[in-house]
Every structure is written in structure tokens, then in C-alpha cells.
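To start, the structure under review is shown below, and the notes come after it.
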Amino acid sequence: EVQLQAYGGGLVQAGGSLKLSCAASGVTFADYAIGWFRQAPGKERVGVSCISRSDSRTSYADSVKGRFTISSDNAKNTVYLQMNSLKPEDTAVYYCAAYEYFAHTGTTCSLYGHNYDYWGQGTQVTVSS
């Protein structure tokens with residue numbers, strides 16, 4: 001059974017930084033992608049960033065480009081989301097998720113939640129102004 005555990009959230013002032021981690025276990029796919037999503041109170045869940053395990057292709061939402069960086073440590077089956085220059089509007093519960101990825105298709109990983117089959121619990125990120 002695939003399990004994802006997200007952690008690293010917290011309270012930070014605007015302009016500060018946080019690094020989220022997503023540890024994956026029980027994955028039997030030959031390859032997979034990990035995505036980060038966030039959901040603010042009263043709003044829909046949206047994709048933030050994703051990375052594919054084999055070819056490290058990444059994708060970012062426009063709202064976080066230049067501020068967030070996704071990376072992976074395949075030996076640890078862990079994906080990181082470094083968040084810099086945080087803004088109050090980044091406040092949300094952040095989730096990581098996974099789906100089977102096929103590198104031979106040449107496509108980047110998806111930022112659409114419906115493509116993901118496995119979800120971890122959320123971690124709260126609060127950015128104060």
C-alpha cells in the first residue's frame with residue numbers, strides 16, 4: 001500500500017522560508033510522480049508543483065514560480081518543496097500526492113489532482129503578514 005507522509009509545515013512571517021518534505025513508502029510502480037497541492041480555507045485544492053522520479057521533470061504553478069523549488073532524493077524516496085519569499089496568500093494546508101508516471105511519453109508531471117491516486121495527510125502552512 002502506498003503511503004505518503006507530508007511534514008514540515010509551520011508558522012512563518014511573510015518573506016520567510018519553509019521546507020516541506022513528503023516521504024513515500026510502499027510504491028511498487030516502476031516510476032511515479034509526486035505533486036504538492038494546497039487548499040486554503042474556503043477555496044478549492046490547487047496544484048503547486050510536481051516532479052517525476054526518473055527524469056526529474058518539474059512543473060510549477062504560476063503563483064509560485066521563482067519562489068518555490070521542488071526536488072527529490074530518490075534514495076530516501078522523499079520529495080522536498082523549498083518555499084521562499086512566502087506570502088500570506090500561501091497560507092493553506094499542503095498535501096503531497098503520487099501517481100504512476102510514464103517517462104517515455106515525454107510529458108511533464110501533472111498539476112491536476114484528478115490524475116493522482118494516492119494522497120498523504122496535509123501539513124499546515126501559515127504565513128503571517
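Looking at Met83 and Asp90, their side chains never come closer than 4.5 Å, going by heavy atoms from C-beta outward. Under the 4.5 Å side-chain criterion, counting only non-hydrogen atoms from C-beta, Phe37 is in contact with Trp119. The shortest side-chain heavy-atom distance between Leu81 and Ser49 falls under the 4.5 Å cut-off. Using a 4.5 Å heavy-atom cutoff, the side chains of Val125 and Leu20 are in contact. Side-chain contact between Cys109 and Arg57: absent, with no pair of heavy atoms (C-beta onward) separated by less than 4.5 Å. The closest side-chain heavy-atom distance from Phe68 to Leu86 is below 4.5 Å. Ser63 has its side chain within reach of Arg38: a pair of non-hydrogen atoms, C-beta onward, lies under 4.5 Å apart.
Val12 and Tyr94 fall within a single hydrophobic cluster, where Ile, Leu, Val, Met, Phe, Trp and Tyr are joined by side-chain heavy atoms under 4.5 Å apart, directly or via other members. One hydrophobic cluster, built from ILVMFWY side chains closer than 4.5 Å, holds both Ile70 and Val64. Under a hydrophobic-cluster definition in which Ile, Leu, Val, Met, Phe, Trp and Tyr are linked whenever side-chain heavy atoms come within less than 4.5 Å, directly or via other members, Val79 and Val2 are assigned to the same cluster. Tracing side-chain contacts under 4.5 Å through hydrophobic residues (I, L, V, M, F, W, Y), one never reaches Trp36 starting from Tyr101; they form parts of separate clusters. Ile34 and Tyr60 fall within the same hydrophobic cluster, where Ile, Leu, Val, Met, Phe, Trp and Tyr residues are linked whenever their side-chain heavy atoms come under 4.5 Å apart, directly or through other members.
No donor-acceptor pair under 3.5 Å is formed between the side chain of Tyr116 and the backbone N or O of Cys96. Side chain of Asp31 to main chain of Ser54: a donor-acceptor pair is present (N/O by atom type, distance under 3.5 Å, no hydrogens or angles). A donor-acceptor contact shorter than 3.5 Å links the side chain of Ser110 to the backbone of Tyr112. In terms of modelled atom types and a separation under 3.5 Å, the side chain of Thr126 and the main chain of Thr91 share no donor-acceptor contact. Side-chain atoms of Gln121 come within 3.5 Å of backbone N or O of Ala6 as a donor-acceptor pair.
Thr105 is linked by a side-chain contact (heavy atoms from CB on, under 4.5 Å) to Phe102, Thr107, counting only residues two or more places apart in sequence or in another chain. Evaluation of the salt bridge (charged side-chain N to carboxylate O under 4.0 Å, His left out) rule for Lys65 yields Asp62 as partners, not counting sequence neighbours.
Considering every non-hydrogen atom in both Asp55 and Ala103, the closest pair reads OD2-CB, 3.7 Å. Here the shortest heavy-atom pairing between Leu111 and Ser59 reads CD1-OG, 3.7 Å. Between Tyr80 and Ser21, the shortest heavy-atom distance links the atoms CD2-OG, 3.3 Å. Heavy-atom minimum distance, Tyr99 versus Phe29: C-CE1, 4.2 Å. Heavy-atom minimum distance, Ala24 versus Leu4: CB-CD2, 3.6 Å. When all heavy atoms of Gln82 and Ser17 are compared, the closest pair comes out as NE2-CB, 3.9 Å.
Rounding to the nearest 0.5 angstrom, the gap separating the NZ atom in Lys87 from the OG atom in Ser129 is 14.0 Å. Cys22 contributes atom SG, which lies 11.5 Å from atom CD1 of Ile51 (distance to the nearest 0.5 angstrom).
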With side chain to side chain contact (heavy atoms under 4.5 Å, CB included) as the test, would you mind laying out the steps for Asn77 and Tyr32 before giving the verdict? CA-CA 11 Å; Asn77 290 325; Tyr32 59 92; 3.6 Å; yes
Hey, mind stepping through Glu100 and Val27 against side chain to side chain contact (heavy atoms under 4.5 Å, CB included) and telling me if it holds?
CA-CA 9 Å; Glu100 189 173 11; Val27 180; over 6 Å; no
